[in-house]
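These notes are about the structure you will find just below.
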Number of protein chains: 2
Amino acid sequence: MPAIESPGGPIACGASSHNFKHNLETTVMTAKITNLREQFKTTTRQELTRVGLELFLQQGFATTTIDQIVEPLGISKRTFFRYFATKEDLVVEWQSEMTPAFVDELNNRPREETPFKAVSETLLSLASRINTNPELAFALMRLLKETPSLAGRDMERRMVWEQALTATLIEREGPKVMPRLKARITVGMAMTAWTAALDEWYLGGGKANLRPIMEKAFSLVTDQQ
Amino acid sequence: MPAIESPGGPIACGASSHNFKHNLETTVMTAKITNLREQFKTTTRQELTRVGLELFLQQGFATTTIDQIVEPLGISKRTFFRYFATKEDLVVEWQSEMTPAFVDELNNRPREETPFKAVSETLLSLASRINTNPELAFALMRLLKETPSLAGRDMERRMVWEQALTATLIEREGPKVMPRLKARITVGMAMTAWTAALDEWYLGGGKANLRPIMEKAFSLVTDQQ
DNA sequence: TGTCAATACGTCACTAAGTGACAAAATGTG
DNA sequence: CACATTTTGTCACTTAGTGACGTATTGACA
């Protein structure tokens with residue numbers, strides 16, 4: 001069982017910690033009494049994603065109930081749905097949360113890069129994150145592929161990224177050289193290559209190095225006649 | 001309220017027909033006793049999609065219950081789920097059902113066309129279908145955009161098309177000139193243009209002519225440096 | 001036309017996701 | 001310590017979706 005990287009950083013995933021209260025108290029101790037309430041909520045959020053992903057990877061998404069996720073943490077079902085609107089959000093929400101990071105990355109790309117190149121490099125920055133923990137990335141991807149409802153949400157996430165990057169690209173290049181349709185297609189093409197590369201990596205069992213596959217995919221886009 | 005085109009053909013949508021039995025009997029009369037059972041099922045299917053889409057367009061997807069769809073037809077809720085696995089399938093399933101038509105279209109494209117051109121023309125053939133009833137297409141698209149769960153299923157449908165067309169393209173060109181990654185990207189690029197064009201059309205209120213937008217989108221892909 | 005197997009349907013009971021309302025507990029502030 | 005705010009738990013409820021089982025309808029054949 002690999003470590004699970006939740007939004008707040010990597011968290012050990014082996015020992016199924018029933019010591020929820022203890023974690024909270026140590027957090028309080030170390031955090032010098034700034035915003036205790038937010039601290040609690042952040043921790044709860046992390047614990048929920050940790051336990052949830054553990055169970056999903058172990059026994060599948062559909063067969064895991066909210067009660068099973070909530071029970072070892074001593075949290076009520078109702079509270080779960082105050083943190084996550086749906087069961088699926090537990091898996092995909094952190095992906096949407098990294099949208100601003102992508103936008104920043106694209107904004108900070110050198111001005112002399114072509115639009116497509118800038119977007120490609122932005123997406124490539126995610127590849128290195130995946131390389132940090134390939135086993136987990138592969139397991140998560142299998143979960144997404146095998147669970148229809150999750151696959152759908154994953155596609156939605158892709159659309160969110162596309163829209164954000166499209167808006168950023170228009171801003172960056174100006175609407176004259178880069179009107180909406182053109183921007184959308186530039187981003188879409190880069191995203192297409194990205195997705196295709198990720199699928200290729202997945203079909204190979206997640207063992208290959210992702211970066212060269214991605215670079216190959218991006219070059220296939222630019223070489224198209 | 002526009003007419004709704006269900007898989008079996010266009011069906012008038014205005015008069016909310018409570019004459020389910022009558023429809024069935026006339027069907028039997030005209031159909032020369034071939035396969036009565038299948039006839040019944042096909043009609044039931046069409047009636048369910050018709051009433052369902054009517055209600056979804058009138059009062060929204062989430063606020064419409066299965067009971068509301070089933071009640072005017074005198075069908076039980078249980079039977080609904082023997083025809084459609086989920087509520088969402090009522091809206092998107094017919095799209096998946098046209099996958100083989102796309103595959104045929106691509107297979108029958110002239111051999112001298114470039115791969116990208118062949119796929120593009122295949123997708124363009126759908127545009128003319130949308131032009132048949134733009135008001136309905138626009139209404140359905142709004143439904144898809146405004147309902148998260150439907151948007152997700154719609155994306156799934158896109159993936160199904162992409163995979164089918166990718167496999168067909170590999171077959172058509174041979175795996176040597178067209179390996180998997182390359183085929184996937186070629187199809188993905190065409191689909192990207194297609195989606196972008198459809199969005200552009202939607203953002204314009206669905207009033208413009210779809211075809212020129214699509215052709216513009218496809219040319220933007222090929223003109224990419 | 002009557003009989004019988006296959007298939008489709010309705011009813012009932014059930015699980016689980018998700019929501020609204022309200023009271024209790026914890027926290028932030030003075 | 002007292003009070004307003006926020007968070008949580010409990011309870012009741014709606015709705016999607018499923019399994020089991022009995023009944024009705026159809027197809028095939030005598």
Side-chain angles (χ1 to χ4, degrees), chain A residues 20-21 23-25 27-29 31-48 52 55-56 59-93 147-150 152-153, chain B residues 20-21 23-25 27-29 31-48 52 55-56 59-93 147-150 152-153:
Chain A
F20 180 52
K21 268 275 157 70
N23 280 349
L24 282 180
E25 282 163 15
T27 303
V28 172
M29 300 284 279
K32 267 292 183 192
I33 313 154
T34 45
N35 206 341
L36 188 54
R37 213 156 227 162
E38 290 305 313
Q39 209 75 20
F40 264 76
K41 293 210 296 184
T42 303
T43 309
T44 303
R45 224 184 161 68
Q46 290 174 357
E47 296 284 301
L48 282 174
L55 288 174
F56 292 158
Q59 31 171 307
F61 181 81
T63 53
T64 302
T65 69
I66 306 290
D67 286 323
Q68 287 177 329
I69 299 170
V70 131
E71 188 266 345
L73 298 173
I75 295 175
S76 76
K77 190 184 75 172
R78 189 66 184 85
T79 298
F80 176 92
F81 287 108
R82 290 198 178 99
Y83 283 90
F84 301 97
T86 68
K87 193 174 156 187
E88 285 80 12
D89 279 324
L90 189 66
V91 183
V92 300
E93 206 189 55
T147 313
S149 63
L150 281 178
R153 297 300 301 269
Chain B
F20 180 52
K21 266 274 154 76
N23 280 349
L24 283 180
E25 281 162 16
T27 304
V28 173
M29 302 282 278
K32 268 291 181 193
I33 314 155
T34 46
N35 205 341
L36 189 55
R37 209 157 232 163
E38 291 304 314
Q39 210 75 18
F40 264 76
K41 293 211 294 184
T42 303
T43 309
T44 303
R45 224 184 161 69
Q46 290 174 357
E47 296 283 301
L48 282 174
L55 289 174
F56 293 158
Q59 31 172 314
F61 181 81
T63 54
T64 302
T65 69
I66 307 290
D67 286 324
Q68 287 177 329
I69 300 170
V70 131
E71 188 265 344
L73 298 174
I75 296 175
S76 74
K77 190 185 75 172
R78 190 66 185 84
T79 298
F80 176 93
F81 287 109
R82 290 197 179 99
Y83 283 89
F84 301 97
T86 69
K87 192 175 158 188
E88 285 80 12
D89 278 323
L90 189 66
V91 183
V92 301
E93 205 189 57
T147 314
S149 64
L150 281 178
R153 296 299 301 269

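Here is the naming used below: chain letters follow the sequence lines, and residue numbers restart at 1 for every chain. In this text the structure is predicted, and so the values were computed from the model without any measurement.
- With distances taken from any side-chain atom of B/E38 to the nucleotides C/dA17, D/dG17, C/dA8, the minimum falls on C/dA8.
- Of all the heavy atoms in A/E88 and A/S149, the pair that sits closest is OE2-OG, 3.1 Å.
- Looking at A/Y83 and A/E93, their side chains never come closer than 4.5 Å, going by heavy atoms from C-beta outward.
- Between B/T65 atom OG1 and B/L55 atom CG the span is 8.5 Å, to the nearest 0.5 Å.
- A donor-acceptor distance shorter than 3.5 angstrom exists from the side chain of B/T63 to the backbone of B/Q59, with no hydrogens or angles considered.
- Counting non-hydrogen atoms under 4.0 angstrom, A/T64 reaches the backbone sugars and phosphates but no base.
- The closest side-chain heavy-atom distance from A/L150 to A/F56 is not below 4.5 Å.
- Residue A/F84 contributes atom CZ, which lies 14 Å from atom P of C/dT19 at whole-angstrom precision.
- For B/E88, whose side chain is taken as the heavy atoms from C-beta onward, the closest listed nucleotide among D/dT15, D/dG17, C/dG18 is D/dG17.
- Here the C1' atom of nucleotide D/dA16 and the CZ atom of B/F56 are 12 Å apart, to the nearest Å.
- Here D/dT18 presents its P atom at 14 Å from NZ of B/K87, a figure rounded to the nearest Å.
- Between the P atom of D/dT8 and the CZ atom of A/F81 lies a distance of 15 Å, rounded to the nearest Å.
- The shortest distance between side-chain heavy atoms of A/L90 and A/I69 falls below 4.5 Å.
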Look for any protein N or O under 3.5 Å of an N or O in nucleotides 9-12 of chain C and output each such pair with its distance, or none.
unit_1, atom_1, unit_2, atom_2, d
C/dC9, OP1, B/Y83, OH, 2.7
C/dG10, OP1, B/G74, O, 3.4
C/dG10, OP2, B/S76, N, 3.2
C/dG10, OP2, B/S76, OG, 2.8
C/dG10, OP2, B/T79, OG1, 2.2
C/dG10, N7, B/R82, NH1, 3.3
C/dG10, O6, B/R82, NH2, 2.5

